[in-house]
Amino acid sequence: MENALSVIPLGGVEEIGLNMTVLEFGNDIIVIDAGLMFPEEDTLGVDFIIPDFSYLMNNREKVRAIVLTHGHEDHTGALPFLLKELAVPVYGTPLTLGLVKEKLREHNLEDSELVPVMPRDVVHIGAFSVEFVRVTHSIVDGVGLGIETPGGLIVHTGDFKLDPTPVDGQLMDFHKFTEYGEKGTLLLMSDSTNAEKGGFTFSEKEVRRAFEDIFSKTSGRIIIATFASNIHRIQQAIDVAVKFGRKVILCGKSIVSNAQIALSLGYLRIPGETWLKLEDLKKLEDNKVVIITTGSQGEPMSVLSRIATDEHKHIKIKDGDTVILSAKMIPGNERSIGKIINHLFRRGANVIYEKVSEVHVSGHASKEELKLMLNLIRPKYFMPVHGEYRHLVYHSILARKQDIPKENIFILKNGDVLEIRDGEARRNGSVNSGRMFIDGKGVGDVEEMVLRDRLRLAHDGIVLILLAIEKLSGSIVSGPEVISRGFVFEDASQEIISSVKDLLSNTIKGLDKELLSDSSLLKAKLRSTLKKYLRDKMDRRPMIMPIIIEV
Ligand SMILES: [Zn+2]
Ligand SMILES: [Zn+2]
């Protein structure tokens, strides 16, 4: 592949998530982003998924750096796993690196070389010169990339939308993108997430209007659930809270940690005495409270889910409370989110969400914005990225309308190689690609996961919890029965099994009907209760499988 430039997506062109793209020329490789994806509801035992980066491992002596566009986990989540194998420098803007640093610490990778860059900085990495260009998106400090290569200029938009009134006042750098268009761009890679949506994406400021409207009509407590990384959204919630004389309580580990990072780097502004502790909640009058938390996707163990099912120690829903789900309902999560909303209504809260109010706007460009980007850059070749196949197809239709010929548009699959030689691009085979499944901090492919399950079974055995529940009333028909294999010696087992049974019976007794009628929440609850018990009492970690039969 001498004198040829290769562009290889290892993830992100068959899904939304797993973003990772390789640029290779001669002996130099740079990697754009290293993201993860969360699994569908039923992928047992898998916490998240990262791209198979064995191609990089097989070319480890060539890999010069990882360049990050922004701090979302679908762009940074695979980083700890990659850095464990390849200790290369990581370039990113200050907030991106701030969020990354926290993750790396959890993986004992605090010695990694993190190189902060500012928009319009240019860094030379091997055969490449990478320029960082400010974009607007649902996280602060996002950038696109203008990359000079020996084969020509490559522009990567990162995740973006054209927000004319961003919360932090940092506008998208249209001038730079225009300059790339003037200069002549060989290849444009652009965000396809919203390529199905017509018109323009609303500005983040619209959410403030919706918040103000809700706040002005509400005299009870307000609880806002959003993504922990959406610093703009948190800022707007805080600003509106201050305007209406309310105090703010941040609830949940990730949201507190992200807010602290953003605060220390100057990306979040909280006036003195606005941010109070959870313990202060009972001292405050209802009309003086805003609680900001996570769990907008209905995740069973999140703060919001625990609040909704009355499992939260400090926050109990009561009449007059208003809960705002200020986030997109990610496809696949609608069912769990719907359940949470029902639980909240049942407890007396008023619930406001995307479908009924403008409490969320997307962070990604819609059709008109994508067209504008194509017009500014006018690339010779176009590669839609960041999307499922249908998003890439819609994006390529837009490109054809902007007079990019069909043969110059490349919809790639993960691992496909786009080779550019003497200014001409063509597909040239593919490299190893795929998905790796992460359970806790371990990594493995599907086979390894099966092996790990077997190992766990071999070490600590399995405990099954059987429970039959009447679906409508939530009352227990039979159980809990506990069956174990390979977990304890026969002699001791009766005693342990009966103590486990007692524990579970008591747990179930303490739950209300509502939670009992929601088998996914109930399973999560039983599993976590038993897991903790066995770990604390016996230092054992068997596989725990609750089986709930609804009759
Ligand atoms: Zn993003
Ligand atoms: Zn993304």
Side-chain angles (χ1 to χ4, degrees), residues 9-21 31-38 48-51 66-79 92-100 103 119 132-145 156-163 166-168 170 172 189-197 201-204 207 226-234 254 258 261-262 267 294 296-297 326-333 360-366 369-370 373 383-392 394-395 414 435:
L10 291 179
V13 291
E14 293 178 59
E15 61 271 309
I16 291 181
L18 304 180
N19 296 291
M20 186 186 270
T21 306
V31 183
I32 302 170
D33 289 333
L36 61 68
M37 189 164 84
F38 292 101
F48 51 89
I49 302 166
I50 61 173
I66 301 161
V67 177
L68 300 176
T69 57
H70 63 289
H72 277 151
E73 286 189 300
D74 60 324
H75 298 257
T76 63
L79 202 55
T93 54
L95 182 79
T96 305
L97 294 185
L99 295 172
V100 158
K103 281 276 174 299
F132 297 84
V133 193
R134 177 162 321 274
V135 293
T136 37
H137 182 42
S138 49
I139 189 167
V140 285
D141 233 8
V143 288
L145 306 168
H156 191 298
T157 62
D159 290 7
F160 79 102
K161 68 171 177 180
L162 310 185
D163 192 336
V167 175
D168 57 4
Q170 300 285 351
M172 181 148 163
M189 287 182 264
S190 182
D191 176 1
S192 310
T193 314
N194 276 347
E196 295 169 309
K197 274 198 199 148
T201 302
F202 280 130
S203 168
E204 176 67 29
V207 174
T226 188
F227 283 109
S229 64
N230 199 338
I231 304 296
H232 279 330
R233 195 63 53 82
I234 297 170
S254 56
N258 283 4
I261 293 166
Y267 290 90
T294 54
S296 59
Q297 298 308 307
S326 181
K328 178 188 162 78
M329 286 195 188
I330 292 176
N333 296 342
H360 172 69
V361 296
S362 171
H364 299 273
S366 301
E369 297 155 86
L370 295 174
M373 180 59 87
M383 184 198 295
V385 295
H386 206 283
E388 293 177 29
Y389 192 70
R390 66 176 196 279
H391 303 117
L392 307 184
Y394 267 105
H395 204 173
N414 292 328
R435 294 175 171 192

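Computed from a predicted structure; not experimentally measured. One-based numbering, in listed order, for ligands and for the atoms of each.
Checked against the 6.0 Å centroid criterion, the rings of His232 and His137 do not qualify as a close aromatic pair.
The pair Lys161-Glu369 fails the salt-bridge criterion, with no side-chain N (NZ, NE, NH1 or NH2) lying under 4.0 Å from an Asp/Glu carboxylate O.
Not counting sequence neighbours, the partners of Glu73 by the salt bridge (Lys or Arg N to Asp or Glu O under 4.0 Å) test are Lys103. In terms of the side-chain contact (heavy atoms from CB on, under 4.5 Å) criterion, residue partners of Pro166 (sequence neighbours excluded) are, by chain and number, Thr136, Asp163, Asp168, Leu171. Remark: His360 pairs with no residue by the ring pair (Phe, Tyr, Trp, His ring centres under 6.0 Å) rule, at least two apart or across chains.
Between His386 and the options Thr21, Thr193, Thr69, Thr157, a side-chain hydrogen bond (donor to acceptor under 3.5 Å, both in side chains) holds for only Thr193.
Only protein atoms were considered; those of element N, O or S under 2.8 Å from the Zn ion (ligand 1) number 4.
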